[in-house]
Amino acid sequence: MADGHRHLLHTYTNPLSTTGASSHQIANGLFLNSLLSHLAAAQSPTHSKTSTYGSASQDTRGMYGQNHQQGHNSRINGAPGRQQAMPMLYNFQQQSSHPHQAHAQHHQGIQQDHGGASLMGHSAFSSGVLPNASPFSASNLQNGHASSSRGGQTQQLTEHWAEQLRLHKEAERAHATMTEQHQPHFYARLKAAENRGIGGSLLSGGDSGPSVDSEDDRRRPWSLEKTNKRQDWYNLDMSGQGLRVLAPPLFAYEFLQELYIASNRLTYLPAEVGRLRHLRHLDASNNLISELPPEIGMCTNLKSLYLFNNQIRDLPPEFGSLYLLDMLGIEGNPLDPSLKQEIMAGDTKSLVNKLLLKAPVPIPPADRKPIVVQEDVSPNLERVKILTWNILCDKFATPTLYGYTPPTALSWDYRKERIIQELHERDADILCLQEIATDVFRDFFSPELAQDGYKGVHWPRPKAKTMAEKDAQAVDGCAVFYKASKWILLDKQLLDYANIAINRPDMKNQHDIFNRVMPKDNIGLICFFESRQTGARMIVANTHLAWEPTLPDVKLVQTAIMMENITRLAEKYARWPALKDKKMIQLPPEEGEERVNVPEPGPSQEYRNNTDIPLLVCGDYNSTYNSSVYELLSRGRVSPNHADFGDHQYGSFTRDGIEHPFSMRSAYVHLNGTPDELTFTNYVPGFAEVIDYIWYSTNTLEVVSLLGPPDRDHLKRVPGFPNYHFPADHIQIMAELVIKARKDKKMVQEPDFGSSSSDRKG
């Protein structure tokens, strides 16, 4: 590959701009994508139809002003006379294979065209783009770089502010080079020499590429940046071209990590900048920008944001979400004195924290609406409403992981009240909760939910048994709450996946069980219920699988163990004796409440085999729809040579494969392909995917309605959960189902087991 194509930055010489934008159009275009699109299409009498933007190809009308011409004599890279719509310099970077090779990327809404013709070649504007005299010379700065003072006393220069002034000088020198010497793309030229020889392959970590083991990856199934999709460039230089407006196609490049739009004539940044959530460096210095859009707070990966020599007076509250920002270049702006003083006396992070603390509580989103799936449902069929939710254990809710969340909204005192409020409002029959600590279950959720008639079952992770009693109380686990007025708990079982695995005859001598499965103390719960009214019985499972992206095999093994135990227990439950007298299992009335006449309870129903019993399997699986976990639950089988096993050995699982006898379906597949499709259950910067599920047996249950997705408009300015309106990083999902009528329904005979039957009542 020619050296000419081995540079760090792409350079556009057909700017995504128009020169004839009115101030009214610009102001309105700040927040409305439709107006921005109209602006790009209507402002110039000339347009180019040859520009393409990967799969986001669009007719980029208005890319040039009437007086702008493409230069033919100052090519940076490419053959002379070659007419290219999108000239740019390439940085081909190494890519490493992601451990989840089968996992498709869903967050980048575009596929890049690597055909080359529309992406190669490099031309430059002719002279006259910007006047030779800089409007941002030292004498013209509205907020210069002399040391601030208080009461006539010179303020001591901090190390951070000294670096600010140094970077400001560099920005001015770059501006002078681009304007006085008519040399745009300063940053591409600056970086090209030091990056010659970088070859292109698959994505890899490095200073310019995505990080592999960042702090943000903790407790995430995998990072948004980690994908086996090839991407050869991450940087774009559009500096020094006289741009007045950035058109929408630019923001289709959601993979961009560095964007240079300095030394232009931009008066604002469009709201679409919030789509560039991978940005780590944004340089918009030496423009005419007077304000930042609130959507800038969506760019939570930003490490450096240079806005030198603009006209910015204030920063939006959403700026406080940029918790990774190390340097805000703000010198040369008429910034509010209190904000400037904060960064001069402290640093960028102290300014960000100040804005985060002062940020007002945002307007609440629209309520999540129930979505009707099946309208023609017999009123005689029994309904069951089930909810599952990872509530984010307090010990995991740290500012390090959730620095974009205001401290008040992150505090457990606030979050627990919001969580319980939502559980009250949902009023489900069955609640499956994950990451609920022992003391929280006992001291808060149990008494609170008892007011709504719930009883609960809880088990912590096994490591609690190795701790002192006080420490063990803080260990999280899984809980199932049920409406005791509707359901009777017949049995409950704990699934300790590691302990079960190491005691299996076919696995206990294999190294991978001890090295990979045993260190993970994930658990599952299985509960067996009977309806007070109809006698229908039901199995409910709740689990929380391993989170690590490097352990797809462990997640699969854990799921296989869960399904094996559900299969075995269902066989036992199919022979479970009938309750002798349900009338004796009555709940005492609340104080001051009169006992009301309840319908005559139905006799216990009989089930011929394990698959006849209605089955609901819920939880946080840390696995997306294209994982082996999803494949096993939905198809009932995974082959022994599945890619997620790798070269690991897990007894019969890797010898014969994994199977289960149930016909199961995820409840939310009914919304796929509709406007109400659920696109995530876990929403944090860098990751937004469905990893929580409600699985149901299709031969015994039918979905009637589902809790709809969160308000999408609200999410346009929300970089991640938790926040004031979403108290956990996961959202709850809920389904209402009916138990299908049985043609061969029989009643269980009622043998007299004496008082021993009371052991199975709850």
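- Put simply, the side chain of Y683 gets close to the backbone of V718: a donor and an acceptor are under 3.5 Å apart.
- With salt bridges taken as basic N to acidic carboxylate O contacts below 4.0 Å, one links R717 and E295.
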For this session: Apply side chain to side chain contact (heavy atoms under 4.5 Å, CB included) to the pair R712 and T679, showing each step before the final yes or no.
Result: CA-CA 10 Å; R712 287 184 171 85; T679 57; 4.0 Å; yes

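- Using a 30° and 60° split on the angle between ring planes, Y306 and F308 fall in the tilted class, from 30° to 60°.
- The structure places CG of L307 at 5.5 Å from CG of L292, a figure rounded to the nearest 0.5 Å.
- K349 and D326 are joined by a salt bridge, as a carboxylate oxygen and a charged side-chain nitrogen come within less than 4.0 angstrom of each other.
- The two residues S321 and Y404 come nearest to each other via the heavy atoms O-CB, 3.6 Å.
- Contact of the Q257 side chain with the L282 side chain is not registered, since no non-hydrogen atoms from C-beta on lie closer than 4.5 Å.
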For this session: Test side chain to side chain contact (heavy atoms under 4.5 Å, CB included) on I731 and L678 and set out the steps.
Result: CA-CA 11 Å; I731 61 172; L678 187 71; 4.0 Å; yes

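- Formation of a donor-acceptor pair under 3.5 Å by the N264 side chain with backbone atoms of R244 is not found in this model.
- Side-chain contact check for L269 versus I261: some heavy-atom pair is nearer than 4.5 Å.
- No side-chain donor-acceptor contact under 3.5 Å links N310 to the backbone of I312.
- In summary, the aromatic rings of H281 and Y260 are positioned with their centroids under 6.0 Å apart.
- Put simply, the side chain of Y402 reaches to within 4.5 Å of the side chain of P722, judged on heavy atoms.
- Shortest non-hydrogen contact noted between L276 and C299 is O-SG, 3.7 Å.
- Remark: K340 engages E331 in a salt bridge, criterion side-chain N to carboxylate O under 4.0 Å.
- Taking each heavy atom of P719 and M298 in turn, the nearest pair found is N-SD, 3.5 Å.
- With hydrogens and angles ignored, the 3.5 Å screen pairs a side-chain donor or acceptor of D283 with a backbone N or O of S285.
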Problem set entry | H160 vs M344, side chain to side chain contact (heavy atoms under 4.5 Å, CB included): CA-CA, chis, key distance, verdict | CA-CA 8 Å; H160 186 83; M344 289 181 67; over 6 Å; no

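- A heavy-atom distance below 4.5 Å is found between the side chains of P365 and F726.
- Judged by distance alone, with hydrogens and angles left aside, the side-chain atoms of T300 form no donor-acceptor pair with the main-chain N or O of L322 at under 3.5 Å.
- Listed for the D237 side chain is a donor-acceptor partner under 3.5 Å among the backbone atoms of Y187.
- Using a 4.5 Å heavy-atom threshold, the side chains of D347 and T158 count as separate.
- Put simply, the side chain of E677 gets close to the backbone of G673: a donor and an acceptor are under 3.5 Å apart.
- For L279 against E258, the heavy-atom pair with the smallest separation is CD2-N, 3.9 Å.
- Taking the six-membered ring for Trp and the full ring otherwise, F255 and H278 have centroids separated by 6.0 Å or more.
- Looking at every heavy atom in both residues, I343 comes nearest to L328 through CD1-O, 3.7 Å.
- The two residues S239 and P184 come nearest to each other via the heavy atoms O-CB, 3.5 Å.
- In this structure a side-chain-to-backbone donor-acceptor pair under 3.5 Å is missing from N287 to T267.
- In terms of the side chain to side chain contact (heavy atoms under 4.5 Å, CB included) criterion, residue partners of P406 (sequence neighbours excluded) are, by chain and number, L356, A409, Y724.
- Between the side chain of E272 and the backbone N or O of L246, no donor-acceptor pair lies under 3.5 Å.
- We find the CG-CG distance between L250 and L256 to be 6.5 Å, quoted to the nearest 0.5 Å.
- Residues Y253 and Y234 form no side-chain contact, since every pair of their non-hydrogen atoms from C-beta on lies 4.5 Å or further apart.
- Looking at residues two or more places apart in sequence or on another chain, you find no salt bridge (charged side-chain N to carboxylate O under 4.0 Å, His left out) involving D711.
- Here CZ of R265 is found 10.5 Å from CG of L243. Values are rounded to the nearest 0.5 Å.
- Within the model, atoms CG of D336 and CG of L315 stand 8.5 Å from one another, a figure rounded to the nearest 0.5 Å.
- Within the 4.5 Å cutoff, the side chain of R277 has heavy atoms near those of the P685 side chain.
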For this session: Might you work through the side chain to side chain contact (heavy atoms under 4.5 Å, CB included) test for Q311 and L288, ending with a clear yes or no?
Result: CA-CA 6 Å; Q311 299 174 12; L288 302 169; 3.5 Å; yes

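- H168 NE2 to N333 CG: the interatomic distance, rounded to the nearest 0.5 Å, is 8.5 Å.
- In this structure, the side chain of N286 engages the main chain of A171 through a donor-acceptor pair within 3.5 Å.
- Contact check for L305 versus M327: no side-chain heavy atoms found under the 4.5 Å cut-off.
- The CG atom of L324 lies 11.5 Å from the OG atom of S304; values are rounded to the nearest 0.5 Å.
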